[in-house]
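Below is one structure, written out as structure tokens; comments come after it.
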Amino acid sequence: MLLGLAENPALPARLFARLAASGDEDVLLALAHRDELTLPQVRDLVAVGNKSLTGFMVRVGLVPWPEIPEEQPGRLLDAVLGGVAPAAVWRAVATDPDPEARREVAYADDAPADVITSLIRDLDLPVVAGAAANPNLPPELLPHLARHPSTMVRQAVAENENASPSLLAALLADGGWPAPTRCGACHRREVACADHTPGIRRVRLAAAGHPAVPPAGLAAFLDASEHAVTTFAARTDLPVEFLNRLATHPCEDVRAVIAANPAVPETLLRTLAADRAPEVRRSIVENPSVPLDLLTTLVANERMPGKPVPRVESATELELRTLASSRVAQARALVADRTRLPRVLAEQLASDPDIAVAQRIAARPELAPERLADIVERHGPRVFTAVARHPSCPSALLQWMAEHPAGTRRTLHEIARHPAARSETLLLCLASGHLDTRRRVAGHPALALPVLESLIDAPDGSLAQDAAANPALPERVMERLVTRALSE
């Protein structure tokens with residue numbers, strides 16, 4: 001129950017310190033996760049003396065550097081990771097005897113450039129590799145690291161977002177020059193491997209996946225394994241002959257990436273539309289450049305996507321009207337899924353006879369709430385859940401659907417979180433027997449106070465935490481609950 005109060009957004013500031021004094025680790029962590037903690041509240045939590053809690057708060061940047069206790073274990077590294085450490089602390093951690101601490105610094109996105117530069121001379125190879133991949137490393141140092149004896153460091157250079165096209169081309173060709181003498185398999189051994197080919201290949205694959213590598217250099221990788229090809233198959237600057245070859249790659253995942261590539265010519269897209277793999281055909285639906293007639297044909301025969309389609313997102317008003325009037329119901333459903341839907345089309349689709357269209361349009365905020373009753377009357381219980389998701393669904397309609405004998409558990413689940421649900425409607429949801437729905441009811445601000453208090457005091461306690469987190473809980477009740485819990 002105290003945990004619920006700690007999560008309650010309406011918790012009064014005067015009760016925060018009392019909850020912190022409880023010492024309960026779960027309660028303390030919930031308090032630390034609250035939005036917009038004030039400095040006095042941070043001090044209350046640090047004052048508890050829980051090293052684990054304080055370490056977490058430092059790592060996520062909640063505790064200012066001067067407020068971190070000097071005896072806190074891992075103080076310097078946590079401050080660095082939390083972004084609250086001054087530059088001198090970064091430098092101190094970069095020379096820590098523990099290589100794990102130095103590795104954390106090497107991979108930190110906000111590490112100062114001079115600190116990252118100092119780590120490229122580290123004796124621990126993973127630290128050097130982390131520094132080589134760090135975007136804060138001055139780019140002029142990358143060519144030097146590209147000649148490092150180890151393939152691990154060269155691979156990290158190939159992954160650095162600031163690597164130049166010429167440098168990437170050199171790494172792509174043969175792993176760089178001079179030939180490496182160490183790789184990931186032997187970097188900890190006194191005797192080097194006889195063959196570093198696997199490590200060199202990883203360097204080349206990393207370069208192939210870099211967006212700045214010149215496309216011409218990728219020719220040798222067109223028949224490579226699935227993982228290697230998918231790192232660059234989505235590039236929009238690939239030559240047409242590359243796209244044609246990749247469209248016949250034996251791996252369907254590669255063909256799917258090509259099918260979704262907006263640079264693929266229309267003729268090739270139409271060829272891919274006959275691909276034997278459903279994943280490839282569905283990827284064409286996700287292509288921002290797919291012709292509308294091909295899109296309509298595909299959605300008529302494939303599983304509908306679960307998110308707005310890029311081509312429909314960019315469609316003109318005329319194209320939207322054309323799709324909304326299509327004979328293919330799935331095409332009309334695509335319009336109903338669009339992120340921004342013109343109100344006139346929302347009104348048009350509200351009268352659609354197809355259930356899939358109705359289920360999509362019923363939850364759209366662009367649809368006037370007065371139309372929801374018509375959709376319910378036309379389609380019945382199959383649209384109840386979607387209607388309950390409409391942000392302006394009338395309270396009376398929510399009540400009617402909750403009372404309907406054909407209403408489903410999913411419908412009650414949606415009604416239980418709707419801001420317009422009345423207390424009497426929530427009681428119907430509470431009686432559903434479904435725990436997740438009952439938990440939503442317990443946290444709903446419209447729930448009558450006597451019911452709310454009864455849930456907190458119920459013997460089984462299954463809903464006490466959610467009820468205690470209800471923002472409508474009066475302060476006097478919160479104070480009584482804290483006093484009772486701390487005295488037990």
Side-chain angles (χ1 to χ4, degrees), residues 55 59 73-81 85 89-164 167-210 213 221 224-228 231:
R59 283 191 300 276
R75 172 174 174 262
L76 299 185
L77 179 58
D78 286 344
V80 161
L81 298 179
V89 175
W90 281 97
R91 298 186 186 101
V93 180
T95 58
D96 192 293
D98 184 0
E100 291 292 340
R102 304 198 303 277
R103 290 172 195 172
E104 293 277 8
V105 174
Y107 284 97
D109 289 338
D110 52 349
D114 67 303
V115 172
I116 295 299
T117 300
S118 71
L119 292 176
I120 67 174
R121 297 182 294 274
D122 200 278
L123 297 179
D124 183 79
L125 197 58
V127 172
V128 179
N134 196 301
N136 295 328
L137 181 72
E140 60 269 20
L141 297 177
L142 291 175
H144 167 71
L145 290 171
R147 296 189 294 272
H148 195 280
S150 172
T151 59
M152 289 179 60
V153 176
R154 296 188 189 196
Q155 179 180 339
V157 171
E159 294 169 351
N160 191 303
E161 64 184 52
N162 297 316
S164 67
L167 181 58
L168 291 167
L171 293 172
L172 183 68
D174 55 8
W177 184 90
T181 58
R182 288 282 176 174
C183 65
C186 63
H187 80 276
R188 295 185 185 278
R189 303 177 189 167
E190 291 186 9
V191 179
C193 296
D195 183 11
H196 304 296
T197 301
I200 292 173
R201 178 169 175 76
R202 283 190 287 272
V203 174
R204 298 180 68 208
L205 290 180
H210 198 290
V213 72
F221 290 86
S225 65
E226 167 197 348
H227 172 72
T231 59

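By convention here, the first residue in the shown sequence is residue 1. These numbers come from the heavy atoms of this one structure, side chains and all, not from hydrogens, waters or symmetry mates.
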Side-chain touch [X]/[Y], heavy atoms, less than 4.5 angstrom:
X	Y	result
W90	D114	no
R182	V153	no
D96	L76	no

For this session: Go through the structure and list residues passing side-chain contact (heavy atoms from CB on, under 4.5 Å) with A170, not counting sequence neighbours.
Result: none

[X] to [Y] - nearest heavy-atom pair and separation:
X	Y	answer
A129	A156	O-CB, 3.1 Å
T231	H227	CG2-O, 3.2 Å
V105	I116	O-CD1, 3.6 Å
A207	L168	CB-O, 3.8 Å
L141	L137	CD1-CD1, 3.8 Å
R201	A224	NH2-CB, 4.1 Å

For this session: Assess whether side chain to side chain contact (heavy atoms under 4.5 Å, CB included) is satisfied between E104 and L77, documenting all intermediate values.
Result: CA-CA 8 Å; E104 293 277 8; L77 179 58; 3.8 Å; yes

How long is the gap from [atom1] on [X] to [atom2] on [Y], to the nearest 0.5 Å?
X	Y	atom1	atom2	result
L167	H210	CG	NE2	9.0 Å
L142	N162	CG	CG	7.0 Å
M152	C186	CE	SG	10.0 Å
L119	T95	CG	OG1	9.5 Å
L171	W177	CG	CH2	14.0 Å
N160	Q155	CG	CD	13.0 Å

Would a distance-only check, ignoring hydrogens and angles, find a side-chain to backbone donor-acceptor pair under 3.5 Å from [X] to [Y]?
X	Y	value
R154	G175	yes
R103	V127	no
N136	A111	yes
N134	A108	yes

Exercise. Given the rule in the salt bridge (Lys or Arg N to Asp or Glu O under 4.0 Å) test, do D122 and R102 qualify, once you have shown the distances and angles that lead to the verdict?
Worked result: CA-CA 9 Å; D122 200 278; R102 304 198 303 277; 2.7 Å; yes

